[in-house]
K.L.:
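My questions will all concern the structure given below.
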Amino acid sequence: MKVIIAKDHAEASRLGADIIENIVRTKPDCTLGLATGSSPVGMYQELSRRCHEEGLDFSRVHSVNLDEYVGLPGTHDQSYRYFMDDNLFNHINIDKANTYVAKGVGDVEENLREFNAILDQTDIDVQVLGVGPDGHLGFNEPGDVLVDGAHKETLDASTIDANARFFASRDDVPRYAVTMGMGNIMRAKKLLMIVAGNKADAMRALLCTDKLDPHCPCTFMRMHRDAVVILEKSLADAIGYKG
Ligand code: GLP
């Protein structure tokens, strides 16, 4: 696993955008695995800028997203479909017909069948990841076992707390989500994690131990042959990680 220490979030976003740009330029019909949360927003802004100002071309790119809240339609401003349109797809020349975010409403089992069928047919060239304060990837919450394929998760109280900032009140945060499983994530050709915010516990488990701990799902990134983690110097210093 390659760890890059950036001087600040802006630099982390630029370095992440460099990795995505390189993949899009060398394989214009690549598939990007994308993530929501605040961590990748700066990188998405930088990619949007490069699309407008430097001709970075997304016209043949496909994408599939990590997860979606159960109960929120794509028109809801906290749904992950809305987030992706608002933070990236509306600002680049991607064909939205080539973007997939799992459905949050309707029959959950049916939605999961569709999500798994799409994942089974898709080779993800790079999977963008944030990380939850509890170490979750996508919405794969800590537990005694982790799940291979796309499935429904019950959100942990700490995840509901962490994501409450985006909703009018904590009660409005959905209790369930559908998410790629850990196997789907690990089968991506490359993993790119951008770390921002209060993630000291998760980063200590990932970077300062050699454990593969299902109670901190991000530790499984260490098993991947081509994983990149970009974190800010202040966080590296806070956990005593020297590289
Ligand atoms: C949500 C998403 C995760 C994301 C996490 C961290 O829980 N499902 O994929 O990594 O938020 O969000 P943030 O980047 O805002 O800290």
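In this chain, numbering begins with 1 at the start of the sequence shown.
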K.L.:
Please tell me whether Tyr69 and Phe139 form a close aromatic pair, meaning their ring centres lie under 6.0 Å apart.
P.N.:
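Centroid distance Tyr69-Phe139: below 6.0 Å, so yes.
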K.L.:
About how many Å separate NE2 of His76 and CG of Asp172, when rounded to the nearest 0.5 Å?
P.N.:
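Rounded to the nearest 0.5 Å, the CG-NE2 separation comes out at 7.0 Å.
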K.L.:
Given Tyr44, which partner from the list Ile20, Thr36, Ile92, Val128 fulfils the side-chain contact (heavy atoms from CB on, under 4.5 Å) test?
P.N.:
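Exactly one pass, corresponding to Val128.
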K.L.:
Check this for me, if you would: do Asp161 and Arg170 make a salt bridge, where the nitrogen-to-carboxylate-oxygen distance has to be below 4.0 angstrom?
P.N.:
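Looking at Asp161 and Arg170, the cut-off is met.
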K.L.:
Verify the cluster assignment for Leu34 and Ile118: are they in a single hydrophobic cluster under the rule of side-chain heavy atoms below 4.5 Å apart?
P.N.:
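In one cluster with Leu34: Ile118, no.
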K.L.:
Can you find a side-chain donor-acceptor pair between Asp144 and His215 that sits under 3.5 Å?
P.N.:
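Their side chains do contain a donor-acceptor pair, which is all the 3.5 Å distance test asks for.
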K.L.:
Between the side chains of Asp57 and Ser59, is a donor N or O closer than 3.5 angstrom to an acceptor N or O?
P.N.:
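Indeed, the side chains of Asp57 and Ser59 share at least one donor-acceptor pair under 3.5 Å.
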K.L.:
Please determine whether residues Val61 and Leu191 belong to a single hydrophobic cluster, defined as Ile, Leu, Val, Met, Phe, Trp and Tyr linked transitively by side-chain heavy-atom distances below 4.5 Å.
P.N.:
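They do not share one cluster, since no chain of ILVMFWY contacts under 4.5 Å joins Val61 to Leu191.
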K.L.:
State whether the side chain of Asp125 and the backbone N or O of Lys190 hold a donor-acceptor pair below 3.5 Å, judged by distance alone.
P.N.:
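Here the side-chain-to-backbone pair does not exist.
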K.L.:
Can you tell me how far apart CG (Asp67) and NE2 (His136) are? Round to the nearest 0.5 Å.
P.N.:
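That separation rounds to 7.5 Å.
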K.L.:
So how far is it from Met186 CE to Met221 CE, rounded to the nearest 0.5 Å?
P.N.:
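Separation between the atoms: 8.5 Å.
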K.L.:
Is the side chain of His91 donor-acceptor paired with the backbone N or O of His52 at a distance under 3.5 Å, no angle test?
P.N.:
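Side chain of His91 to backbone of His52: no pair is present.
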K.L.:
Taking 4.0 angstrom as the limit, do Arg14 and Asp18 come out as a salt bridge?
P.N.:
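Answer for the salt bridge query: no.
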K.L.:
Using the test salt bridge (Lys or Arg N to Asp or Glu O under 4.0 Å), find all partners of Asp148 that sit at least two apart in sequence or belong to another chain.
P.N.:
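Only Arg187 meet the salt bridge (Lys or Arg N to Asp or Glu O under 4.0 Å) criterion with Asp148.
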K.L.:
Tell me, please, which residues at least two apart from Glu110 pass salt bridge (Lys or Arg N to Asp or Glu O under 4.0 Å).
P.N.:
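By the salt bridge (Lys or Arg N to Asp or Glu O under 4.0 Å) rule, Glu110 matches Arg113.
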K.L.:
Say you draw a straight line from CZ of Arg175 to OG1 of Thr159; how long is it, rounded to the nearest 0.5 Å?
P.N.:
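Here the rounded value is 11.5 Å.
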K.L.:
Is there a donor-acceptor contact under 3.5 Å from the side chain of Asp85 to the main chain of Tyr82?
P.N.:
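Such a contact is absent between Asp85 side chain and Tyr82 backbone.
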K.L.:
Which residue in the set Thr99, Asn65, Asp86 passes side chain to side chain donor-acceptor pair (under 3.5 Å) when paired with Arg81?
P.N.:
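Only one option passes, and that is Thr99.
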K.L.:
Determine the sole option in Val126, Leu15, Asp226, Leu129 for which the side-chain contact (heavy atoms from CB on, under 4.5 Å) test with Leu192 is passed.
P.N.:
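Between Leu192 and the candidates, side-chain contact (heavy atoms from CB on, under 4.5 Å) is satisfied uniquely by Val126.
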K.L.:
Are Phe220 and Ile194 grouped together when hydrophobic residues (ILVMFWY) are joined by side-chain heavy atoms under 4.5 angstrom apart?
P.N.:
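Not linked; separate clusters.
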K.L.:
Taking the side chain as every heavy atom from C-beta outward, state whether Cys216 and Pro142 have any pair of such atoms under 4.5 Å apart.
P.N.:
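The answer is no, as the side chains (C-beta and beyond) never meet within the 4.5 Å cut-off.
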K.L.:
Is the count of non-hydrogen atoms from other residues, nucleotides or ligands lying under 6.0 Å from Asp107 atom CG greater than 12?
P.N.:
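It does: Asp107 CG has more than 12 such atoms within range.
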K.L.:
Linking I/L/V/M/F/W/Y whenever their side-chain heavy atoms sit closer than 4.5 Å, directly or via other members, would Val105 and Leu155 fall into one cluster?
P.N.:
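Val105 does not cluster with Leu155.
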K.L.:
Is NZ or CZ of Lys96 both nearer than 6.0 Å to the six-membered ring centre of Phe89 and within 45° of the ring axis?
P.N.:
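Judged by the rule (NZ or CZ under 6.0 Å from the ring centre, within 45° of its axis), Lys96 is not positioned above Phe89.
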K.L.:
Are Met203 and Ile230 connected in the hydrophobic side-chain network, where two residues link if heavy atoms are under 4.5 Å apart?
P.N.:
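No; tracing contacts between hydrophobic side chains, which count when under 4.5 Å, never links both residues.
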K.L.:
With a cut-off of 6.0 Å (strictly less than), are more than 12 heavy atoms of other residues, nucleotides or ligands near CZ of Arg225?
P.N.:
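No, CZ of Arg225 has 12 or fewer neighbouring heavy atoms, counting only those of other groups under 6.0 Å.
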K.L.:
If only atom types and distance count, is the side chain of Asn184 paired as donor or acceptor with the main-chain N or O of Ala150 below 3.5 Å?
P.N.:
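Yes: the side chain of Asn184 pairs with the backbone of Ala150.
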K.L.:
Are His151 and Thr179 packed together at the side-chain level, in the sense that at least one heavy-atom pair is separated by less than 4.5 angstrom?
P.N.:
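Yes - at least one pair of side-chain heavy atoms lies under 4.5 Å apart.
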K.L.:
Hey, are the side chains of Leu47 and Val24 touching, using non-hydrogen atoms and a 4.5 Å cut-off?
P.N.:
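Sidechains of Val24 and Leu47: no contact.
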K.L.:
Are there more than 12 heavy atoms of other residues, nucleotides or ligands under 6.0 Å from atom NZ of Lys211?
P.N.:
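No - once you tally the heavy atoms of other residues, nucleotides and ligands closer than 6.0 Å, there are 12 at most.
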K.L.:
OG/Ser38 to CZ/Arg165 distance, rounded to the nearest 0.5 angstrom?
P.N.:
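Ser38 atom OG to Arg165 atom CZ measures 4.5 Å (nearest 0.5 Å).
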K.L.:
Using 0.5 Å steps for rounding, measure from the CG atom of Leu72 to the CD atom of Gln78.
P.N.:
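Rounded to the nearest 0.5 Å, the CG-CD separation comes out at 8.0 Å.
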